[in-house]
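Reading through the structure tokens given below for one structure.
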Amino acid sequence: MKPQLKYFLAIPLLATLAVAGCGGTSNEAAPSSAEAPPDPALVAQGKEIFRTGTFGDETFWTDALGMNQVIASAVDPTTALAVGLKVDAEALSPAVVQGIQNGTISLTSPATTVALLKLNAVVGLKGTVETVNGVDTLTRVGTTCALCHSTVDDSFAPGIGKRLDGWANRDLNPGAIIALSPAVPASAKAVYNSWGKGKYDPRFNLDGINGPQVIPPAYGLLGVHRITSTGDGDDIAYWNRYVAVTQMGGLGSFSDSRTGVNVTNGTSDLVSSKLPALQAYQLSLAAPPPPAGSFDQAAAQRGKLVFEGAGKCATCHSGPEFTDANLRLHSPSDVVSEPEPNGAPSWASRSATKQYRTAPLRGLWQHAPYFHNGSAPTLEAVVQTYNSKKSLGLGNAEMSDLVQYLKSL
């Protein structure tokens with residue numbers, strides 16, 4: 001394992017969302033496999049990889065960080081749900097469902113968490129449970145893409161329900177989970193605990209800079225070439241490899257001369273062969289439509305005119321996916337989301353391109369807060385920020401209508 005991974009526990013992150021400003025430097029993207037509808041057989045393979053594939057990262061999470069011992073001794077279901085972990089209700093046996101409902105199964109016992117891992121019911125965690133001296137024991141644990149990029153519909157109870165793959169888990173508190181590891185030094189624990197729910201820094205373990213970004217959704221990416229907020233890669237496979245190797249601790253290699261990142265874990269490659277199927281599944285995930293009654297339809301129609309006219313939104317949020325990311329990237333001076341909170345350096349400055357892409361807007365209603373750094377808590381705040389920083393001159397009624405249109409996408 002590379003030295004920079006020794007102490008820094010990381011959580012899967014496929015991309016980082018940014019709502020980029022208009023204008024900027026032309027930067028034509030390379031052709032991408034994201035244009036063609038994915039093959040159904042490949043999608044089925046990718047679904048399994050997305051949900052259960054660890055790329056061999058148990059070596060990192062278990063051997064280096066001892067997280068199996070932490071979970072078995074200190075993480076009961078109540079604690080797990082409090083830090084944003086989710087439970088797949090469809091993986092629960094009828095006996096477990098009944099036990100939870102009638103209270104015979106304790107939600108304050110770590111042994112219950114081990115039992116849920118044995119059922120493969122904890123979204124994004126893959127555990128190996130063996131019988132040791134007559135007791136179910138969590139001997140190995142790893143992470144999957146679903147940890148950050150799936151949630152549940154809460155149909156059974158808060159945090160317990162049917163999976164919603166591709167939805168950003170904005171309840172997840174990655175830093176709090178990371179800080180549980182006994183292998184993480186106190187100085188790093190302080191950084192991790194500062195992130196809060198729904199945020200994660202996928203560069204911190206490499207450059208030592210603390211600038212967490214919001215966990216983005218992994219849906220609605222078909223036809224979008226630049227899938228990260230800074231457009232570092234031309235397809236999802238680039239970022240999947242980055243995350244699998246440099247963040248999850250999977251066995252394989254990642255290298256990019258633009259950022260100086262060159263990481264190899266282990267002597268085997270458990271990443272490369274899985275990337276085509278994983279990308280196919282992610283490209284199959286459509287953005288969710290807005291819930292019925294969640295926006296004012298008449299106001300949304302007026303807001304569409306503002307979006308295409310006085311708001312100048314369509315200048316960059318163009319085409320069926322509401323992004324010009326396939327054509328160009330944008331200078332940091334064009335975006336309204338900078339400067340970063342708490343004095344952190346520009347997120348773009350830590351990237352390969354040093355620029356930003358325009359974020360697709362499908363499913364925008366689902367994943368507050370907004371901008372790559374989460375600095376806008378609501379769509380109202382997004383519109384107000386643009387109106388102020390871009391001097392658009394929109395009135396209150398126009399801004400209100402524009403918000404309703406954004407909620408309709």
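Quantities reported herein were computed from a predicted structural model and do not represent experimental measurements.
The aromatic rings of H317 and F307 sit tilted relative to each other, their planes meeting at an angle between 30° and 60°. Ring pair W167/Y219 is perpendicular by interplanar angle, where above 60° counts as perpendicular and below 30° as parallel.
Between R203 and D207 there is no salt bridge, since none of the side-chain N atoms of the basic residue sits less than 4.0 Å from a carboxylate O of the acidic one. Here D234 does not pair with R357 in a salt bridge; the nearest charged N to carboxylate O distance is not below 4.0 Å. The pair D201-R350 meets the salt-bridge criterion, since a charged nitrogen lies less than 4.0 angstrom from a carboxylate oxygen. At a threshold of 4.0 Å, the pair D171-K86 counts as salt-bridged, since one of the basic side-chain nitrogens sits closer than that to a carboxylate oxygen. A salt bridge links R140 to D63: one of the charged nitrogens lies within less than 4.0 Å of a carboxylate oxygen. A salt bridge is defined here as a Lys NZ or Arg NE, NH1 or NH2 lying under 4.0 Å from an Asp or Glu carboxylate O, and K118 with D136 meets this definition.
In this structure a side-chain-to-backbone donor-acceptor pair under 3.5 Å is present from Y370 to L364. A distance-only check finds a donor-acceptor pair linking the side chain of K389 to the backbone of V336 [under 3.5 Å]. Between the N265 side chain and the G250 main chain, a donor and an acceptor come within less than 3.5 Å of each other. The main-chain N or O of A352 is never found under 3.5 Å from a side-chain atom of D256 such that the two would form a donor-acceptor pair. Side-chain atoms of T128 never come within 3.5 Å of backbone atoms of T139 as a donor-acceptor pair (strictly under, hydrogens ignored). Side-chain N or O atoms of N326 include one that pairs as donor or acceptor with a backbone N or O of H225 at under 3.5 Å. In terms of modelled atom types and a separation under 3.5 Å, the side chain of R51 and the main chain of G124 share no donor-acceptor contact. The main-chain N or O of A299 is found under 3.5 Å from a side-chain atom of D296 such that the two form a donor-acceptor pair. Not a single donor-acceptor pair under 3.5 Å links the side chain of R163 to the backbone N or O of T151.
Judged by distance alone, the side chains of S331 and S333 do bring a donor and an acceptor atom under 3.5 Å apart. Of the N and O atoms on the side chains of T246 and N205, not one donor lies less than 3.5 Å from an acceptor on the other residue. A side-chain N or O of H372 and one of E340 form a donor-acceptor pair less than 3.5 Å apart. Remark: the D269 side chain and the S272 side chain contain an N/O donor-acceptor pair separated by less than 3.5 Å.
The salt bridge (charged side-chain N to carboxylate O under 4.0 Å, His left out) check on E48 picks up nothing, with sequence neighbours excluded. Annotation: salt bridge (charged side-chain N to carboxylate O under 4.0 Å, His left out) contacts of D153 (sequence neighbours excluded): none. Remark: S318 engages no residue in a side-chain hydrogen bond (donor to acceptor under 3.5 Å, both in side chains) (not counting sequence neighbours).
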**OP:** In sequence, state the C-alpha distance, the side-chain angles, and the governing distance for W365 and F295, and then conclude on side-chain contact (heavy atoms from CB on, under 4.5 Å).
**Re:** CA-CA 10 Å; W365 63 271; F295 65 93; over 6 Å; no
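The local environment of NZ in K199 is crowded, with over 12 non-hydrogen atoms from other residues, nucleotides or ligands closer than 6.0 Å. The environment of N396 atom CG is sparse: at most 12 non-hydrogen atoms of other residues, nucleotides or ligands sit within 6.0 angstrom.
Annotation: side chain of D76 is not in contact with side chain of T112 (no heavy-atom distance under 4.5 Å). Two residues are said to be in side-chain contact when any heavy atoms from C-beta on lie closer than 4.5 Å; V87 and L92 meet this criterion. When side chains are defined from C-beta on, M67 counts as touching L180, because their heavy atoms get closer than 4.5 Å. Within the 4.5 Å cutoff, the side chain of L392 has heavy atoms near those of the K312 side chain.
A ring-centre distance under 6.0 Å is found for Y238 and F254. Aromatic rings from F204 and Y192 are positioned such that their centres are separated by under 6.0 Å.
The shortest heavy-atom contact between Y242 and P202 is OH-O, 2.6 Å.
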